[in-house]
Amino acid sequence: MADESDSQGAYLPRLLRRSAVLATAGCAFVAGCSSAGGGETRYDNSPQFKGGVFQNMPNPELQPAASTWRIWSRFIVGSKVDTVPVDPIPVRALTPQALDALAADANHVVRLGHSSHLLKLKGKYWLIDPVFSERVSPFTWVGPKRFHKPPIQLEQLPPIEAVILSHDHYDHLDVATIEYLATRVQRYFVPLGVRARLVEMGVPAERVTELDWWQGGEHAGVKLTATPAQHFSGRAVTLTDRDRTLWASWVVQSGDQRIFYSGDSGYFPGFKQIGERFGGFDLALMENGAYDAYWPGVHMTPEQSVQAFEDLRGKVLYSVHNSTFDLAFHTWHDPLDRIADLAQAKKIDLATPVIGEVLTVGQARTNVRWWAGLK
């Protein structure tokens, strides 16, 4: 398998393109200042843990990434066009009262932005990869900045039953958000190795359930399974903790409905395996953004996201990982344009919700290209 470390350029802010002096600090935007593993061997029983690090499953069709030099050079001296919206991104404000009014006998998914979602599952509230900070960075003063405010503030959130995390990158695991939620959440479900991250952020260790791929858990009537993804991990500035924690996609079953969340992933055979094992999904939240030919192995193009959705045997394709942060070189609306056109051509039921919009699983809705006409 190709070395995927080169793909980390996808997370660097535009500032790095303007300053070669800051180039060597760029890794900080996918890495924090702590290590969660070092030389630990406590995960030796995991089939994914080899040589002291976690690894992706074999993929003979994996395309190699560009060299580190090419990626850094591109971020430093290359140009970006239309990667940040000029017009305001539409946001539907959420209130605790409106959330409480959602039917307690159904499953609801609320888009908070990027890959962050609030779920109301049979009356109980859950969060997926919650990021409420202004920037996805170890610093408050530099790094990819939000296009829009969250539709609800942290302090307004209803009592959260559980949090699901896909991996430890800054645009999915946000320190300020977790520090606020730390003891306010009953249970955290994370891939192997991520417990140490959360404990450092103030989460009681006994509230964290670590799972390997294909392992499951249950909480508040909801069944969860950590499933494979093709990605990488790490938060340390020096990259000494590269792949010391696992990454995962997730299967969430509430009642007789199944929801899939891809986390971050390149296209790989695992999607078909997941679809075969679970028999399909009522809703599939699929990564669709931050892709580039320079790092093809860790993020999917819209065409690959659609193929992965078909492999999963999904009923409704829900586009995530876009419209909130500038993390690549494609235009901010390219993921939405392409996936909407593909879904229309293939007659796929597509969901591209407005930020703050509520989707009720299994309930008919009319999808709107809300980004059309925005600059």
Side-chain angles (χ1 to χ4, degrees), residues 84-136 140 143-164 170-181 184-185 252 254 259 261 283 285 288-289 316 318-327 332-333 335-336 340 350-375:
V84 177
V86 175
D87 297 328
I89 295 288
V91 176
R92 294 185 185 178
L94 293 168
T95 65
Q97 295 76 18
L99 292 170
D100 287 344
L102 296 174
D105 60 350
N107 296 312
H108 312 275
V109 178
V110 186
R111 189 174 190 204
L112 300 180
H114 195 54
S115 292
S116 300
H117 290 81
L118 175 66
L119 280 60
K120 186 174 183 180
L121 305 177
K122 303 294 185 180
K124 302 288 186 179
Y125 293 99
W126 294 59
L127 284 167
I128 291 178
D129 285 355
V131 175
F132 281 77
S133 292
E134 184 178 22
R135 297 181 185 272
V136 284
T140 59
K145 188 177 180 180
R146 282 184 169 275
F147 300 162
H148 60 83
K149 292 184 178 180
I152 189 170
Q153 298 304 306
L154 267 172
E155 297 77 13
Q156 295 179 298
L157 286 174
I160 303 299
E161 194 67 36
V163 169
I164 300 169
Y170 277 93
D171 58 325
H172 295 261
L173 175 55
D174 176 47
V175 175
T177 299
I178 296 300
E179 286 181 342
Y180 177 85
L181 294 172
R184 292 178 168 90
V185 173
V252 181
S254 176
I259 300 170
Y261 169 52
L283 181 69
L285 280 63
N288 178 39
V316 179
Y318 187 121
S319 172
V320 306
H321 206 259
N322 55 61
S323 308
T324 302
F325 300 109
D326 175 13
L327 301 176
W332 71 268
H333 51 83
L336 300 169
L350 177 67
T352 52
V354 174
I355 305 299
E357 182 178 340
V358 179
L359 181 150
T360 302
V361 182
Q363 187 175 103
R365 62 182 291 277
T366 300
N367 198 56
V368 177
R369 298 194 186 202
W370 56 263
W371 63 93
L374 295 182
K375 297 181 180 178

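Positions are given from 1, in the same order as the sequence printed here. Only a predicted model underlies this, so the values are computations on that prediction, with no experimental measurement involved.
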Is there a donor-acceptor pair closer than 3.5 Å between any side-chain N or O of [X] and the backbone N or O of [Y]?
{"X": "Asn107", "Y": "Ser254", "value": "yes"}
{"X": "His333", "Y": "Pro85", "value": "no"}
{"X": "Asn322", "Y": "Asn288", "value": "yes"}

Under the rule for side chain to side chain contact (heavy atoms under 4.5 Å, CB included), what residues qualify as partners of [X], not counting sequence neighbours?
{"X": "Ala104", "answer": "none"}
{"X": "Arg135", "answer": "Ser137, Lys145"}
{"X": "Glu179", "answer": "Val175, Met201"}
{"X": "Ser116", "answer": "Leu112, Val131"}

- Item | Within residues 351-369 or reaching into it, pairs that qualify as salt bridge (Lys or Arg N to Asp or Glu O under 4.0 Å) - sequence neighbours excluded |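 Salt bridge (Lys or Arg N to Asp or Glu O under 4.0 Å) check on residues 351-369 returns Asp341-Arg369, Glu357-Arg365.
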- Listed once per pair and sorted, the salt bridge (Lys or Arg N to Asp or Glu O under 4.0 Å) pairs that draw on residues 102-117, sequence neighbours left out: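 Salt bridge (Lys or Arg N to Asp or Glu O under 4.0 Å) check on residues 102-117 returns no pairs.
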- Query: With Lys124, which residues qualify under salt bridge (Lys or Arg N to Asp or Glu O under 4.0 Å), at least two apart?
  - Reply: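 Per chain and number, Lys124 pairs via salt bridge (Lys or Arg N to Asp or Glu O under 4.0 Å) with no residue.
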So, for [X] and [Y], which heavy atoms are closest and what is the spacing to 0.1 Å?
{"X": "Gly356", "Y": "Val110", "result": "O-CG1, 3.9 Å"}
{"X": "His114", "Y": "Phe325", "result": "CG-CD1, 3.8 Å"}
{"X": "Leu374", "Y": "Trp370", "result": "CD1-O, 3.9 Å"}
{"X": "Ser319", "Y": "Leu336", "result": "OG-CD2, 4.2 Å"}

[Y] and [X], any side-chain heavy atoms less than 4.5 Å apart:
{"X": "Ile259", "Y": "Leu121", "answer": "yes"}
{"X": "Leu359", "Y": "Leu283", "answer": "yes"}
{"X": "Pro130", "Y": "Leu181", "answer": "yes"}
{"X": "Asp326", "Y": "Trp332", "answer": "no"}

- Message: Quick one about Ser115 and His321 (side-chain donor to acceptor, distance below 3.5 Å, no hydrogens or angles considered), yes or no?
- Response: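 Per modelled atom types, His321 and Ser115 side chains form no pair under 3.5 Å.
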- Query: Is a side-chain donor-acceptor pair under 3.5 Å present for Ser133 with Asp174?
  - Reply: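 There is such a pair (donor and acceptor under 3.5 Å, judged by atom type) between the side chains of Asp174 and Ser133.
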Table please: side-chain donor-acceptor pairs of residues 88-100 below 3.5 Å, with sequence neighbours left out.
unit_1 : atom_1 : unit_2 : atom_2 : d
Thr95  : OG1    : Ala98  : N      : 3.0
Asp100 : OD1    : Tyr125 : OH     : 3.1

- side-chain contact (heavy atoms from CB on, under 4.5 Å) between Tyr180 and Leu157, intermediate numbers included: CA-CA 11 Å; Tyr180 177 85; Leu157 286 174; 5.7 Å; no
- Task: Can you sort out the partners of Tyr261 under ring-ring contact (aromatic ring centres under 6.0 Å, His included), two or more places apart, ordered by chain and number?
- Result: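 Checked Tyr261 against ring-ring contact (aromatic ring centres under 6.0 Å, His included); zero matches.
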- All ring-ring contact (aromatic ring centres under 6.0 Å, His included) counterparts of His117, not counting sequence neighbours: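 ring-ring contact (aromatic ring centres under 6.0 Å, His included) list for His117, sorted by chain: Tyr318.
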- For atom NZ of Lys149, is the number of surrounding heavy atoms from other residues, nucleotides or ligands below 6.0 Å larger than 12?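 Count not over threshold, so no.
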Just verifying a value: how many Å separate [X] [atom1] and [Y] [atom2], rounded to the nearest 0.5 Å?
{"X": "Leu285", "Y": "Leu119", "atom1": "CG", "atom2": "CG", "answer": "7.5 Å"}
{"X": "Lys120", "Y": "Leu102", "atom1": "NZ", "atom2": "CG", "answer": "5.0 Å"}
{"X": "Ile355", "Y": "Ile152", "atom1": "CD1", "atom2": "CD1", "answer": "14.0 Å"}

- Item | Contacts of Ser323 that satisfy side chain to side chain donor-acceptor pair (under 3.5 Å) - sequence neighbours left out |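 Residues passing side chain to side chain donor-acceptor pair (under 3.5 Å) with Ser323: none at all.
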- What pairs of residues pass the side-chain hydrogen bond (donor to acceptor under 3.5 Å, both in side chains) test when at least one of them lies in residues 151-161, not counting sequence neighbours?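 Sorted result for residues 151-161: Glu161-His219.
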- Message: Does Val185 form a side-chain contact (heavy atoms from CB on, under 4.5 Å) with Ile178? I'd like the steps, not just the answer.
- Response: CA-CA 9 Å; Val185 173; Ile178 296 300; over 6 Å; no
